[in-house]
Amino acid sequence: MPQLSRRAFAGALPLGLIGGSLLGGGLLGDSAARAATQEAAKAPVAMNPFAQIRIGRFTVTALTDGYADMPYDYFPGRSAPEVERAASAQFTARPSGVRFLFNQYLVEDGERRILIDAGAAGSIGQTGQLPQALAALGLKPDKIDAVIVTHMHQDHMGGLVLGGKNNYPEAELYIDRRDITHWTDPAKRSGAPEYLQTSFRMAEEVVRLYPRLQAIDGEREIMRGVSIVDLTGHTPGHIGVRVEDGGKSMIMVSDMIFPVVHPAATDVFFLFEQDRAAAKAMRDRFFPRAASEGALIAATHMPFPGLGRVVADHGEMRWQVADWALQD
Ligand SMILES: [Zn+2]
C-alpha cells in the first residue's frame, strides 16, 4: 500500500488498531513478540515529557511528577454528573474522574536554578517522576539552589521530604508565612478532615528538615526577574511566581486553575479548598485580570506542560493552550 493512502486509512481507525497494524504487522506468527506488544499496550505511557520556553534570559523547563484522576464528586459547587458532562464536552472524561497533572517548573538563568514546587512524590496517584525528570536533564536534586513552594499541600511539597529526608540539601526554601503558620498549627490539624492530614504531617517535616526555609511576607523579588505574587485563597498562603525579563513574562499560578471546571466558572472548587469564599474571591479577581493582560500562565494541574492563557470568549472565560514548542 502506498505510504499516503496507508496513512489516510490509519487515520480513520481507532488508535489501538493503528498500533496493531504498524507495530505488529511484520511479527504475526511470533507469539512472544505479540505478547510483548500487547503487554506494552496495556502499560501506562511512561515517557517523561519536557517542555521548554525562554523568558528573556531565563530558560523555563516544565517537568511533571505524574498524574492522578480525581473523582467527579471532588468538585464542590457542581454535582458529579455536571463535572462528568463538562469533562465529556472537553473529550477528557475518564471512568476514574478528571485527570490532574502534577507539573513543576525549573527556572534557570545560567547562575541559579530555582525549582517551583516539588511534586506529590508518590503520595497521590501515579506520581514520583520528578527525580527522573531532573536526571534526564543531567540534574541531581543537590544542584537545585532554591525551591519555591507555592503552598503546603502534599502534591506541591511531597518531594522535599520523601523518605523523611531533606532531598534538596543545597536549596533555600521559600514558602509564604501564612501557609507555614496554618499547616503547623496543631489546632488546625486536629480540626481538619482526614484527606488533609498528610499535608499537615509533611508541613511539619519540611519545617524540621529545612533550616534554610525563608518565610515570605507579601509580594517580593526572590532574585532579579523572579518574584512572588500573592494568590491567597486556595490556601491562606497560596502564592504564584512571576518570571520576567527582556519584556517577556510568565506567571506560575499553581492551583488557581483546575482542569475541566476552570476558568469558565469561579463558584466551583476542589475538595482540598477549605475557605471557599476566599478561593472564589481570588479567582473572581484573577481570571479577568489574566484575560485582559493576556498573561502567559503555567498551571500545576492543567494538561502538560500546563502553559496557556485565560481568554474571554463572548463573555465566557476559557483556557487557551499556549504554543510553546520551537518558539523564540
Ligand atoms: Zn495542587
Side-chain angles (χ1 to χ4, degrees), residues 44-51 62-80 82-105 115-130 132-133 149-160 162 193-196 198-199 202 231 233-235 238 240 252-266 268-274 276 279 282-283 286-287 297-308 310 318-319 321-322:
V45 176
M47 194 185 82
N48 267 321
F50 293 98
L63 310 164
T64 194
D65 194 45
Y67 64 91
D69 292 343
M70 301 301 175
Y72 293 113
D73 60 359
Y74 276 24
F75 299 86
R78 295 291 184 278
S79 68
E82 284 173 324
V83 177
E84 187 166 8
R85 267 200 301 280
S88 291
Q90 297 176 30
F91 301 95
T92 59
R94 301 167 191 279
S96 42
V98 177
R99 180 149 298 182
F100 276 30
L101 269 282
F102 297 88
N103 303 322
Q104 294 77 43
Y105 299 88
L115 183 64
I116 308 176
D117 286 337
S123 69
I124 298 177
Q126 309 300 309
T127 57
Q129 296 297 310
L130 178 60
Q132 288 94 308
V149 179
T150 57
H151 61 291
M152 296 186 100
H153 277 157
Q154 66 188 82
D155 53 317
H156 298 258
M157 64 177 165
L160 293 174
L162 180 67
E194 181 58 33
Y195 53 79
L196 289 175
T198 303
S199 296
M202 284 183 182
L231 297 176
H234 176 71
T235 65
H238 182 255
M252 193 286 195
V253 303
S254 195
D255 285 16
M256 285 294 291
I257 299 180
F258 289 112
V260 173
V261 296
H262 295 144
T266 58
V268 51
F269 308 93
F270 184 61
L271 184 67
F272 279 34
E273 291 175 331
Q274 290 181 286
R276 289 179 196 157
M282 178 47 77
R283 293 192 178 108
F286 180 79
F287 290 165
I297 287 171
T300 304
H301 300 298
M302 296 302 268
F304 188 84
L307 296 170
V310 174
R318 65 173 175 80
W319 178 249
V321 170

### Task
For a side-chain contact (heavy atoms from CB on, under 4.5 Å) with His153, tell me which candidate from His234, His238, Glu273, Met202 qualifies.
His234
### Query
Counting N and O atoms only, with roles assigned by atom type, does the side chain of Thr150 sit under 3.5 Å from a partner on the main chain of Gly240, one being a donor and the other an acceptor?
no
### Task
Give the minimum heavy-atom separation between Ala121 and Leu162, together with the two atoms involved.
O-CD1, 3.5 Å
### Query
If you measure from OH on Tyr72 to CZ on Arg85, what distance do you get to the nearest 0.5 Å?
12.0 Å
### Message
Could you tell me if the side chain of Arg283 sits less than 4.5 Å from the side chain of Val268, heavy atoms only?
### Response
no
### Query
Do any N or O atoms from the side chain of Asp117 and from the backbone of Gln104 form a donor-acceptor pair under 3.5 angstrom?
no
### Message
Let's go through His301 and Leu101 carefully: what are the C-alpha distance in whole Å and the side-chain angles of both, what is the deciding distance for side chain to side chain contact (heavy atoms under 4.5 Å, CB included) to 0.1 Å, and is it a yes or a no?
### Response
CA-CA 5 Å; His301 300 298; Leu101 269 282; 5.7 Å; no
### Query
Would Ile297 and Met302 satisfy side chain to side chain contact (heavy atoms under 4.5 Å, CB included), going step by step from the backbone distance to the final call?
CA-CA 10 Å; Ile297 287 171; Met302 296 302 268; over 6 Å; no
### Query
At what distance, to the nearest 0.5 angstrom, does CG of Asp255 lie from CZ of Phe100?
8.0 Å
### Query
Do Phe75 and Phe270 have their ring centres less than 6.0 Å from each other?
yes
### Task
Verify, without hydrogens or angle tests, whether His262 (side chain) and Trp319 (backbone) share a donor-acceptor contact under 3.5 angstrom.
no
### Query
Counting only N and O atoms by type, is there a donor-acceptor contact under 3.5 Å from the side chain of Asp65 to the main-chain atoms of Phe102?
no
### Query
Taking Asn48 for the side chain and Leu63 for the main chain, is one N or O donor matched with an acceptor at less than 3.5 Å?
no
### Query
Atom OG1 in Thr64, atom CZ in Phe50: separation rounded to 0.5 Å?
10.5 Å
### Task
Apply the test side chain to side chain contact (heavy atoms under 4.5 Å, CB included) to residues Thr300 and Met252: give CA-CA distance (whole Å), side-chain angles for both, the deciding distance (0.1 Å), then the verdict.
CA-CA 8 Å; Thr300 304; Met252 193 286 195; 3.3 Å; yes
### Nearest-0.5 Å distance, CD1 of residue Ile124 to OG1 of residue Thr198
8.0 Å
### Side-chain donor/acceptor of Arg318 to backbone N/O of Ala264, under 3.5 Å
no
### Message
For Ser199, run the side-chain contact (heavy atoms from CB on, under 4.5 Å) check against Gln154, His151, Met152, His156 and tell me which one passes.
### Response
Gln154
### Closest approach of Asp69 to Ser96 (non-hydrogen atoms, all atoms of both residues)
OD2-OG, 2.7 Å
### Task
Mark yes when over 12 heavy atoms from residues, nucleotides or ligands other than Tyr74 sit less than 6.0 Å from its OH; otherwise mark no.
no
### Message
Within the 4.5 Å heavy-atom criterion, are Val261 and Val98 side-chain neighbours or not?
### Response
no
#### Entry: Val260 side chain reached by Gln90 side chain, heavy atoms, under 4.5 Å
yes
### Task
Would you check, one step at a time, whether the test side chain to side chain contact (heavy atoms under 4.5 Å, CB included) holds for Phe287 with Ile257?
CA-CA 9 Å; Phe287 290 165; Ile257 299 180; 3.6 Å; yes
### Query
Do you know which two heavy atoms are closest between Phe304 and Ala51, and how far apart they sit?
CZ-N, 3.8 Å
### Student check: side-chain heavy atoms of Gln274 and Leu196 closer than 4.5 Å
yes
